[in-house]
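What's counted below: heavy atoms across the whole structure, side chains too, no hydrogens, waters or symmetry copies.
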Amino acid sequence: MEHGTVEDSSASTFSIAEEEHTLANPARFVLNQDPRVAFCGYSIPHPADNKVNIRVQTTGDPAIDVFKDGLQDLIVMCQHVRGTFDNAVVDFRSKVGT
């Protein structure tokens, strides 16, 4: 769910249910690498709430677009890590003979 104003699309807070630090911290990291991002941070409103709020403020681009791009970049990074890990497992097993 996006929380923002109609007048200023360059700043929004995105609430994501059923998520925690595992998604929020890498998303914050990736978004802060984007030169279009002026600020990105996250909070978990309460330990009993199973949701995370990610705040994105940009240099002018719509925050929703920058947020989606950042999450797509994170997906690509995760796919690369998974592929590298899977290849290492195959190499290891072929050397050990398991």
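Listed by chain and number, the residues in a side-chain hydrogen bond (donor to acceptor under 3.5 Å, both in side chains) with Asn25 are Arg28 (sequence neighbours excluded). Every residue two or more places apart in sequence or in another chain that forms a side-chain hydrogen bond (donor to acceptor under 3.5 Å, both in side chains) with Glu18 is listed here: Asn50. With sequence neighbours excluded, the residues forming a salt bridge (Lys or Arg N to Asp or Glu O under 4.0 Å) with Asp86 are Arg82, listed by chain and number.
Note on residues 25-75: pairs passing ring pair (Phe, Tyr, Trp, His ring centres under 6.0 Å), not counting sequence neighbours, are Phe14-Phe67, His21-Tyr42. Every pair passing salt bridge (Lys or Arg N to Asp or Glu O under 4.0 Å) that includes a residue from residues 62-74 is listed here, sequence neighbours excluded: Arg36-Asp69.
At a threshold of 4.5 Å between non-hydrogen side-chain atoms, the residues Val56 and Cys40 count as touching. Here the side chains of Thr13 and Ile54 are not in contact, with every heavy-atom distance at 4.5 Å or above. Under the 4.5 Å side-chain criterion, counting only non-hydrogen atoms from C-beta, Asp49 is not in contact with Ile44.
Taken to the nearest 0.5 Å, the CD atom of Glu20 stands 9.5 Å off from the CG atom of Leu23. For the atom pair CZ (Arg55) and OG (Ser12), the distance works out to 7.0 Å, reported to the nearest 0.5 Å.
In this structure, Thr58 contributes its side chain and Ala63 its backbone to no donor-acceptor pair below 3.5 Å.
A side-chain donor-acceptor contact under 3.5 Å links Asn53 and Ser15.
Val76 and Leu71 are not part of a single hydrophobic cluster, where members link through side-chain heavy atoms under 4.5 Å apart.
By the 4.5 Å side-chain criterion applied to Ile, Leu, Val, Met, Phe, Trp and Tyr, Phe85 is assigned to a cluster that also includes Val89.
Considering Val37, Ile75, Leu74 in turn, Leu74 is the only one that fulfils the side chain to side chain contact (heavy atoms under 4.5 Å, CB included) rule with Val30.
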